[in-house]
Amino acid sequence: MKRILITGALGQIGSELTLKLREIYGADNVIATDIKKNDSEAAQSGPFEVLDVTDLNRMGEVAQKYKVDTVMHLAALLSATAEARPLFAWNLNMGGLLNALETAKEMKAQFFTPSSIGAFGPTTPKDDTPQDTIMRPTTMYGVNKVAGELLADYYFQKFGVDTRGLRFPGLISYVTPPGGGTTDYAVEIYYEAVKNGRYTSYIDKGTYMDMMYMPDALQAIVDLMEADSTKLIHRNSFNVSAMSFDPEEIAASIAKYIPGFKISYQVDPVRQKIAESWPNSIDSTAAKEEWGFKFDYDLDKMTMDMIEKLRPNMQMRIPG
Ligand code: SER
């Protein structure tokens, strides 16, 4: 990785990954792209190009202009939004991915794209979900992710593109809020805890999902991309998770730092159904063995950091 093109660079993962990669590889070597520019640090701290990922020609132009040797394709719709707009999701998620893979092929570039716990479905073993197992998702997002994993493996086998991916769990961060995901409750809960001391969850108690703190997710991307290619038995995509909890457990963790914090429930049937179709906890052994996946943050350590980071911001946002 020397010159990196990132799509969806102003999104949930991209806005932080762009900054981390600029720190490691140099600001001018990380080309951030997104469908619109904004005034965030990711858009302002180095090269930025407006790019709609469904436009293959434009993607190729940007890749050529900067002579990139790595493509990181992050632009995608998350699970709940994809469920609301399935046709649009197919076109954006699959069309964007195909264009990014084609661009990587043309540039002889290394390639990364995230998959998700959403690639699993109701017939997948729910606990310690193995790396290689049944994958029959029942959401459009999941269908996109499984098809995407297969497509990325195909580009490796057929064209020799060095494709790599991670099946991310819910990602939690205090920087850029996610939009339209099922695991987003585990982000919102911290904002509401700091602001109001309570949270109404759209995911029901007893519903377990895998999660990871953003700094661990970013490090995992760098470690996977830097890993020795000959050691990788799997490529698209590796199970990675740092913790699994239900709303009661995250609420209990928050209550340790914000005494009196209260959780209540108003379950959203759409997102609850999606959550129930996903594993309770996935097994990251293959990632550990093949490229040394590790993480620093467990639930309490993450909670402490989230609250510490959100507190000053929240005070600034509260009027008066
Ligand atoms: N965070 C994603 C979602 O909830 C899962 O990959 O859609």
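Treat the numbers as computed from the prediction; the structure is a model and nothing was measured. Read the numbers this way: they start at 1 and go in the same order the structure lists the ligands and their atoms.
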Protein contact to atom 1 (N) of ligand 1 [nearest heavy atom, distance to 0.1 Å]: Thr183 OG1, 2.8 Å

Test item: Asn239 side-chain N/O and Asp283 main-chain N/O as donor-acceptor pair under 3.5 Å: yes

Close N or O approach (Tyr141, ligand 1; < 3.5 Å): yes

Evaluation steps, salt bridge (Lys or Arg N to Asp or Glu O under 4.0 Å), between Lys36 and Asp34: CA-CA 5 Å; Lys36 270 194 248 149; Asp34 209 304; over 6 Å; no

Identity and separation of the nearest protein heavy atom to atom 4 (O) of ligand 1: Thr182 N, 2.6 Å

Step-by-step salt bridge (Lys or Arg N to Asp or Glu O under 4.0 Å) determination, Glu83 to Arg271: CA-CA 9 Å; Glu83 235 17 56; Arg271 283 177 289 185; over 6 Å; no

Atom indices of ligand 1 within 4.0 angstrom of Gly181 heavy atoms, with elements: 3 (C), 4 (O), 7 (O)

Sole candidate of Asp210, Thr207, Asp246, Asp127 that passes side-chain hydrogen bond (donor to acceptor under 3.5 Å, both in side chains) when paired with Asn280: Asp127

Short N-O contact, Lys105 and Glu102, less than 4.0 angstrom: yes

Matching residue for His234 among Glu289, Gln131, Glu290 - test: side-chain hydrogen bond (donor to acceptor under 3.5 Å, both in side chains): Glu290

Under 4.0 Å to a heavy atom of Ser79 - the qualifying atoms of ligand 1, by number: 3 (C), 4 (O), 7 (O)

Sub-4.0 Å atoms of ligand 1 with respect to non-hydrogen atoms of Trp278: 3 (C), 4 (O), 5 (C), 7 (O)

Closest protein heavy atom (residue, atom, distance) for atom 6 (O) of ligand 1: Ser116 OG, 2.6 Å

